[in-house]
Protein chains: 2
Amino acid sequence: MAMVGRLAALGPVGPGARLGILGGGQLGRMTALAAARLGISCHIFTPEDNGPASQVCPMVTLAAYDDLDALSRFAASVDVITFEFENIPAASVAHLAALRPVRPGWKALETAQDRILEKRFFNDLGIATAPWAPVTDGPQSLAEAVAKIGCPAILKTTRLGYDGKGQVRLNAPGDSAAAWAALGNRPAVLEGLVPFVSEISVIIARAPDGATACFEPTLNHHREGILHTSSVPAPIRPQTAIAARAIAESAALALDLVGLLAVELFVLADGSLLVNEMAPRPHNSGHWTMDACHTDQFEQFVRAVCGLPLGDPSRFRAMRMTNLIGDEVHDWPLLMATPGARLHLYGKVESRRGRKMGHVNTPV
Amino acid sequence: MAMVGRLAALGPVGPGARLGILGGGQLGRMTALAAARLGISCHIFTPEDNGPASQVCPMVTLAAYDDLDALSRFAASVDVITFEFENIPAASVAHLAALRPVRPGWKALETAQDRILEKRFFNDLGIATAPWAPVTDGPQSLAEAVAKIGCPAILKTTRLGYDGKGQVRLNAPGDSAAAWAALGNRPAVLEGLVPFVSEISVIIARAPDGATACFEPTLNHHREGILHTSSVPAPIRPQTAIAARAIAESAALALDLVGLLAVELFVLADGSLLVNEMAPRPHNSGHWTMDACHTDQFEQFVRAVCGLPLGDPSRFRAMRMTNLIGDEVHDWPLLMATPGARLHLYGKVESRRGRKMGHVNTPV
């Protein structure tokens, strides 16, 4: 008889270990399912009762992200901590980091939480973004930003925007006052519209020892500000794919990130790239990997944060991922009956408008 | 806003439904992980604390299989009931069947529980088995069986044998007394050794409406009585593959089975087949489907017992499944670092000799 056992906390945490995940949505759910495959159990910390992740984990802490006592108990029960949701308060991350390895670290989370920090981070690395200007102190700074960036442009809140929320379009300088009010007078950034020909994203994994493994870029289509499809292979030039991977690798290194980093990019007509935004976690645009890669993004995420060998990210077939938004989930009987289609549902009971209910991977 | 909701109990039970599983081992674990992908949550009924399935399900009833009160509460909480373990007492199955749809039904479980019923079932369908004789009342009936079957032969208990347990080889009639004692004087069956050239298995799914979907036959290699590898494509003649599928379909129909039926077969030199045994559930020899088929055996099992459309069982690449038995699980760092290999671990803490700890699927 021998124990599979936990390994030393600073070395890899393999089968038998426990991974703590802050956030209880579908990314946590799919991470926990991938962890289970490796014999690793997860403990979910979430303020949401019966969320997607909690449905697949016996260990759940239901508490607010700033409940330090609950965070302490949570940390004590796990070997390593990660996030499926980056908007965790700084004090909570610091509290956890004093107790257990926290991956990715604060720098990645902090940068991803704030559009100004994020754009500055990429620009400081010499990586281009759309032209932008901070709008941090009201109508006067918005006027200056409009003068600098021009119109049309998009005004986005610096924090907590996702799926097209927290942003409004300015077609002319005269729209400024209404746009500022529409965002609730919150700190924002004005981004110039760029004439991109396509949107791609690339997801890289980085291990504690600095090893990386990158998924190939995927072509993304959005609908009403929400990702609709991600397809591989993306119809981009080989040099563009190389550049996209290099951007992700450079960013992951500069953040000293351990885990996954997803970078969304605009492709211009000449093949050059502008960074749109990043996320230091599994990403919706990587769901195609679940049925097309030797190691999918969720297992790769678990491997990276647990300090395990990174898996083979290469693709063995072409794939198109389609999100099921809101009532589209009611197409499940048809999707289940479609030969070859791989359906992934998130266990959400209510199919509200704009809500991501699941996705389907279709070999192409 | 619309509810995904449960459908009528006698129709399909789809996303949002709850599947009850009796048995808490790795087959239940992988079934629950597949169900989660379809938005179906599982409730595990098991006498084993912290077993493989319980680690991935928030709903677990820890009770004996003959605890009727616990079975009643379990049934009340689910929409449909199935089994990852067929040795459930008849009274328990009858009790459950009065409360909820039980799939597969008692006939399949009863037949699979008893080697004599099983062999008679196949022979009555005109399907050949190795020559056999019942040994139900002690040394005298064993002597008669040896006279009929000859030696060498294998004496197997009629019930509760698996992974080579509950069986002993007779090389000569003189071994009878020792063999009978070795099995603990339990009812048994004597099977003649057949000169097979290979062992294959085939797994079929059958839906409530009688629709079927069959995985292709896999070539199995055993080591010390325990399945070691399953490989596809199996190096068998096309006519043999057709015959194997027909046997599985015929048996599933005769059992009026809803769920999965796995049939193990011996292939003789002329390509003809003899049934070894069957199991009315997912089967170890179908684990290769997890990384090689559009719909794997666990998702197919969930679809069948929930009355959902059966998925596409076709294979998109060649695969070899290798079990990790006992201390072989300690090879996980190497396996995780092997490009293309897909590791599946079961969350078992102790790696006892002969215990199935996980498996690895390797594209070939």
Side-chain angles (χ1 to χ4, degrees), chain A residues 1-5 12 14-16 29-30 32-33 36-41 50 52 54-60 290-291 294-295 299 303 308-312 314 316-317 326-327 329-330 332-334 336-353 357-358 363, chain B residues 1-5 12 14-16 29-30 32-33 36-41 50 52 54-60 290-291 294-295 299 303 308-312 314 316-317 326-327 329-330 332-334 336-353 357-358 363:
Chain A
M1 188 189 300
M3 306 293 282
V4 173
R29 178 186 181 96
M30 292 184 278
L33 295 176
R37 223 162 43 218
L38 299 181
I40 293 168
S41 52
N50 193 34
S54 309
Q55 294 169 13
V56 301
C57 289
M59 282 172 297
V60 178
M290 299 175 82
D291 297 304
H294 292 296
T295 304
E299 181 172 328
R303 287 172 177 244
L308 299 168
L310 295 182
D312 177 359
S314 63
F316 56 81
R317 56 178 175 170
D327 285 346
V329 72
H330 296 298
W332 65 260
L334 177 65
M336 271 193 200
T338 303
R342 293 280 290 172
L343 184 63
H344 299 265
L345 298 178
Y346 306 153
K348 298 178 184 177
V349 176
E350 295 173 10
S351 64
R352 290 195 293 267
R353 179 176 165 81
M357 303 296 292
Chain B
M1 188 186 299
M3 304 295 283
V4 173
R29 178 186 181 96
M30 291 183 278
L33 295 176
R37 223 162 44 216
L38 299 181
I40 294 168
S41 52
N50 193 35
S54 309
Q55 294 169 13
V56 301
C57 289
M59 282 172 297
V60 178
M290 299 175 82
D291 297 304
H294 293 296
T295 304
E299 182 172 327
R303 286 172 178 244
L308 299 168
L310 295 182
D312 177 359
S314 62
F316 56 80
R317 54 178 175 170
D327 284 346
V329 72
H330 297 297
W332 66 260
L334 176 66
M336 272 193 199
T338 303
R342 294 279 289 171
L343 184 62
H344 299 265
L345 299 178
Y346 306 153
K348 298 178 184 178
V349 177
E350 293 173 12
S351 62
R352 291 194 293 267
R353 179 177 165 81
M357 303 296 291

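Just so it is clear: chains get the letters A, B, ... in the order the sequence lines come, proteins before strands, and each one is counted from 1. Below, each value reflects all heavy atoms present in this structure, side chains not excepted, and no hydrogens, waters or symmetry copies.
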Original post:
Taking Arg37(B) for the side chain and Leu343(A) for the main chain, is one N or O donor matched with an acceptor at less than 3.5 Å?
Top reply: no

**OP:** Please report the shortest heavy-atom distance between Arg342(B) and Thr295(A), naming the atom on each side.
**Re:** NH1-CA, 4.1 Å

Subject >> Side chain / backbone / both / neither for Pro333(B) at chain A, heavy atoms under 4.5 Å >> reply: backbone

Subject >> Between Leu345(A), Asp312(A), Ile40(A), the one whose heavy-atom pairs under 4.5 Å with chain B are most numerous >> reply: Leu345(A)

Original post:
Checking Arg317(A) side chain against Phe316(B) main chain: does a donor-acceptor pair fall under 3.5 Å?
Top reply: no

Original post:
How far apart are the C-alpha atoms of Leu38(A) and Trp332(B), what are their side-chain angles, what is the distance that settles it, and do they pass the side-chain contact (heavy atoms from CB on, under 4.5 Å) test?
Top reply: CA-CA 9 Å; Leu38(A) 299 181; Trp332(B) 66 260; over 6 Å; no

Subject >> Atom group of Ser314(B) that falls short of 4.5 Å from chain A, counting heavy atoms >> reply: neither

Subject >> Leading residue by heavy atom contact count with chain A [cutoff under 4.5 Å; candidates Pro363(B), Gly340(B), Gly347(B)] >> reply: Gly340(B)

Original post:
Which of the residues His344(A), Met336(A), Glu299(A) is involved in the greatest number of heavy-atom pairs with chain B at under 4.5 angstrom?
Top reply: Met336(A)

**OP:** Specify the closest pair of heavy atoms between Cys57(A) and Pro58(B), including all atoms of both residues, with the distance to one decimal.
**Re:** O-CG, 3.6 Å

Subject >> For Gly39(A) against Arg29(B), the heavy-atom pair lying closest together >> reply: CA-NH2, 3.9 Å

Original post:
Which bit of Ser54(B) is near chain A, if near means a heavy-atom gap under 4.5 Å: side chain, backbone, both or neither?
Top reply: backbone

